[in-house]
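Note that this is a predicted model, so its numbers are computed, not measured. For this chain, numbers begin at 1 and follow the sequence in order.
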Amino acid sequence: MVMFQKAISVEKELLSHLRTYIEDETLRLNDIKRFYAKVADLHSHVYHSPVAAMANPLVAYTLIKRLQSEWLNVVHSNEAHENSQAFKSGFEKEEGRLPNFEDLEGAAKGLMRLQDVYSLRVEGLANGLFQRVTAGQTMDIYRPAVIVPLSGDDCFQVGKVAYEMEDFYHSVQWLEEAARLFRRAQGEWITEDEGNLKDTLDHLAYSHFKTGNISYAWVLSQELLRYDPSNKRVSRNIEKYEKLLAASPPIESHHTVLQRPNSTYLHTRHVYERLCQTLGSQPKHYENPGLFCDYFTNGNPGLILEPMKREVVSLEPYVVLYHSFVSDAEAESVKSSAEPGLRRSVVASGETQSAAEYRISKSAWLNDTTHPIVRRLDQRITALTGLTVQPPYAEYLQVVNYGIGGHYEPHFDHATSESSPVYKLKTGNRLATFMIYLSSVEAGGSTAFIYANFSVPVVKNAAVFWWNLHRNGQGNGDTLHAGCPVLVGDKWVANKWVHEHGQEFHRPCSFDPEE
């Protein structure tokens, strides 16, 4: 969302340059209209009788001058070029701040991710709505205050990103919507569009072919050939489809139900997406009589006069939500401190760290020596948990911002391999997680605990705490969790990971080796 805010700022500058260009061009065109009106008036009132008109030497002179000089000045005027160059120069000044293709690709992937996780209809998204089909009925899962529909070119670009990744499940859906919108426009030319109906039909026909719907690929290719009769490649494709159809008569039609490909790495996808779709609402989960809310002091003198509002969300794994952990001002301070250092988030990959599609966000690390707000938060975390949270017994505060469809698929915070970078601090594994919600979101973004079968919604200024390890030092499998994609809003969190060493007297081992 930080990038989004910067993009808005850049586009405001571009709008200013465009307004100047339009104003200059309007003056130029008005002057051309004046010239046209002057000459047209002469032809209407003076030249209707050429012989009489040419008898006047002034009329003859002005006609000759106009044809020899004035028309040339109008036709070869540099003003249009100068206006265009001034506009281009203004654009080039901002060009370095513009999103690149990787940003566009990431935004398109974000929309497809939201489509999948929340079972959204592409047609609804194209109409600016967030809808899914439940029990045969189309339902709004979120209705934005401002509805911004997508154009045919908007849908074409998403479909093209999917197409180039050979993700034909998504390319078919988005290109179908693009084709529908382009057909409705009836060939209207729009300056800013890159795609058109011909390009869309070309990509869509091949996408259907790759999903096995050869008969509809043939239908679309025939439609494309009507718009582009000389396209030999499309003619060859039609011949190819006809041979395939002759060899194996089709059962399918263009109404073939697309099958979403199985995930090769996310074995808990169904549970993960179901929990995300609850948007943090699980009434039956909260019927557990062992769950409660209270004012919590942890026996700390600093909390006696102002206890923390504690909500026990789960007993196994033990997950607690501390309401109003930070103030609005503190949350803004953390975000503004982190913003200059935000970079694409990475994940552990063997002994190193790298970016991955299953974690889409930007993050920065803050230490307590350069950022006083971190010292205050560390003291508050210690008061609530009793744990030592200063490095090296805990990591620096990680601040994370999630962009369009930003998420973190199911993962453990603790290391599950001895070669993990988590051990570089040489203070053991990640014992506990303390995660602070620094913002609210309008929809999505819950923290889903997969095996424990519940999710915690984003509660502004609250903090979620859980133990990653059992008392015997073994990882707690029930802490497998995910950051659900942000459907609408700007999600900021801050993570404090506390390590084993330094906590021996704060969370000692149990007499039971299995605990």
Q.
Using the rule given for side-chain hydrogen bond (donor to acceptor under 3.5 Å, both in side chains), can you reason through W492 versus D490, listing the C-alpha separation, both sets of side-chain angles and the distance that settles it, and then say yes or no?
A. CA-CA 7 Å; W492 288 79; D490 186 15; 3.2 Å; yes
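- Judged purely by atom type and a 3.5 angstrom limit, N127 has no side-chain atom pairing as donor or acceptor with the backbone of P149.
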Q: Quick one: do D31 and R28 satisfy salt bridge (Lys or Arg N to Asp or Glu O under 4.0 Å)? Show the steps, please.
A: CA-CA 5 Å; D31 194 50; R28 185 180 68 84; over 6 Å; no
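- Side-chain contact between W218 and F209: absent, with no pair of heavy atoms (C-beta onward) separated by less than 4.5 Å.
- Separating the NZ atom in K243 from the OG atom in S248 is a distance of 16.0 Å, to the nearest 0.5 Å.
- In this structure, the side chain of N78 does not engage the main chain of H81 through any donor-acceptor pair within 3.5 Å.
- Pairs of residues two or more places apart, or lying in two chains, that qualify as salt bridge (Lys or Arg N to Asp or Glu O under 4.0 Å) and include a residue from residues 186-196 are K160-E194.
- Every pair passing salt bridge (Lys or Arg N to Asp or Glu O under 4.0 Å) that includes a residue from residues 209-232 is listed here, sequence neighbours excluded: R183-E223.
- The side-chain heavy atoms of D199 and L197, taken from C-beta on, include no pair separated by under 4.5 Å.
- Proximity of Y216 to Y241: side-chain heavy atoms (C-beta onward) are nowhere separated by under 4.5 Å.
- Taking the six-membered ring where the residue is Trp, Y163 and H203 present perpendicular rings, their angle passing 60° and hence far from 30°.
- L181 CG to F156 CZ: the interatomic distance, rounded to the nearest 0.5 Å, is 13.0 Å.
- Residues satisfying the ring-ring contact (aromatic ring centres under 6.0 Å, His included) test with Y437, not counting sequence neighbours, are none.
- For T200 (side chain) and L175 (main-chain N/O), no donor-acceptor pair under 3.5 Å exists by modelled atom type.
- The backbone N or O of V74 lies less than 3.5 Å from no partner atom in the side chain of S77, so there is not a single donor-acceptor pair.
- Identified under the salt bridge (Lys or Arg N to Asp or Glu O under 4.0 Å) test for residues 47-61, with sequence neighbours left out: none.
- Applying the side-chain contact (heavy atoms from CB on, under 4.5 Å) rule to S16 yields the partners R19; only residues at least two apart in sequence or on another chain are considered.
- Within the 4.5 Å cutoff, no side-chain heavy atoms of V400 are placed close to those of K362.
- Evaluation of the side-chain contact (heavy atoms from CB on, under 4.5 Å) rule for F130 yields L120, L125, I141, Y142, P144, L487, V488 as partners, not counting sequence neighbours.
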Q: Show your reasoning for whether ring-ring contact (aromatic ring centres under 6.0 Å, His included) applies to Y408 and H411.
A: CA-CA 8 Å; Y408 193 174; H411 64 283; 3.5 Å; yes
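- The number of heavy-atom neighbours closer than 6.0 Å to OH of Y36, taken from other residues, nucleotides and ligands shown, is 12 or below.
- Applying the salt bridge (charged side-chain N to carboxylate O under 4.0 Å, His left out) test to D116 and every residue at least two apart in sequence or in another chain returns R260.
- Residues I214 and H208 have side chains not in contact (no heavy-atom distance under 4.5 Å, counting atoms from C-beta outward).
- A side-chain donor-acceptor contact under 3.5 Å links S151 to the backbone of D154.
- Sorted by first and then second residue, the salt bridge (Lys or Arg N to Asp or Glu O under 4.0 Å) pairs involving residues 64-75 (not counting sequence neighbours) are K38-E70, K65-E70.
- Taking CG from L224 and CG from N231, the interatomic distance works out to 6.0 Å, rounded to the nearest 0.5 Å.
- Annotation: side chain of I436 is in contact with side chain of V326 (closest heavy-atom distance under 4.5 Å).
- Residues satisfying the side-chain contact (heavy atoms from CB on, under 4.5 Å) test with A448, not counting sequence neighbours, are L275, I450, S455, C484.
- Counting only distance, with no hydrogens or angles, the side chain of T26 and the backbone of I22 share a donor-acceptor pair below 3.5 Å.
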**Q.** Candidate pair H170 and D167, rule side-chain hydrogen bond (donor to acceptor under 3.5 Å, both in side chains), full reasoning
**A.** CA-CA 6 Å; H170 287 106; D167 175 4; 2.5 Å; yes
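- For the residue pair D413/T433, the side-chain donor-acceptor check at 3.5 Å is satisfied.
- Checked by atom type and distance alone, the side chain of S327 pairs as donor or acceptor with a backbone atom of E330 at under 3.5 Å.
- Judged by distance alone, with hydrogens and angles left aside, the side-chain atoms of Y118 form a donor-acceptor pair with the main-chain N or O of P485 at under 3.5 Å.
- Defined by atom type and a distance below 3.5 Å, a donor-acceptor pair is present between the side-chain atoms of Q173 and Q115.
- A 4.5 Å side-chain heavy-atom check between S324 and N461 finds every atom pair outside the cut-off.
- Looking at K491, its side chain does come within 3.5 Å of a backbone N or O of G445 through a donor-acceptor pair.
- For E25 (side chain) and N83 (main-chain N/O), no donor-acceptor pair under 3.5 Å exists by modelled atom type.
- Rounding to the nearest 0.5 angstrom, the gap separating the CG atom in N237 from the CG atom in L225 is 10.5 Å.
- Partners of V161 according to the side-chain contact (heavy atoms from CB on, under 4.5 Å) rule, which considers only residues two or more places apart in sequence or in another chain, are E105, A108, K109, M112, M165.
- The closest side-chain donor-acceptor pair between T370 and N367 falls under 3.5 angstrom.
- A cation-pi arrangement is not found for K198 relative to Y227, the charged atom failing to lie both closer than 6.0 Å to the ring centre and inside a 45° cone about the ring normal.
- With sequence neighbours left out, E11 forms a side-chain hydrogen bond (donor to acceptor under 3.5 Å, both in side chains) with no residue at all.
- Rounded to the nearest 0.5 Å, atoms CH2 (W174) and OG (S207) are 14.5 Å apart.
- Annotation for W365: atom CH2 counts as buried by contact number, over 12 foreign heavy atoms lying within 6.0 Å.
- For Y21, the OH atom is densely surrounded, since the number of other residues' heavy atoms within 6.0 Å is greater than 12.
- Proximity of V399 to S363: side-chain heavy atoms (C-beta onward) are nowhere separated by under 4.5 Å.
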(Q) Please determine whether salt bridge (Lys or Arg N to Asp or Glu O under 4.0 Å) holds for the pair R376 and D368, giving the CA-CA distance in whole Å, both sets of side-chain angles, and the decisive distance to 0.1 Å. (A) CA-CA 9 Å; R376 293 205 303 272; D368 60 349; over 6 Å; no
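- Note that OG of S84 is 12.5 Å distant from CD of E79, once rounded to the nearest 0.5 Å.
- By the 4.0 Å N-to-carboxylate-O rule, R236 lies too far from E239 to be salt-bridged with it.
- The pair R233-D202 meets the salt-bridge criterion, since a charged nitrogen lies less than 4.0 angstrom from a carboxylate oxygen.
- Centroid-to-centroid, the aromatic rings of W497 and Y396 stay 6.0 Å apart or farther.
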Using residues 89-98 as the side-chain source, report each donor-acceptor pair under 3.5 Å to any protein atom, sequence neighbours left out, with the distance given to one decimal.
residue, atom, partner, partner atom, Å
S89, OG, Q85, O, 2.9
E94, OE1, R97, NH1, 2.8

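- The two residues A162 and S171 come nearest to each other via the heavy atoms CB-N, 3.6 Å.
- Using a cutoff of 4.0 Å between basic side-chain nitrogens and carboxylate oxygens, D140 and R132 are not scored as salt-bridged.
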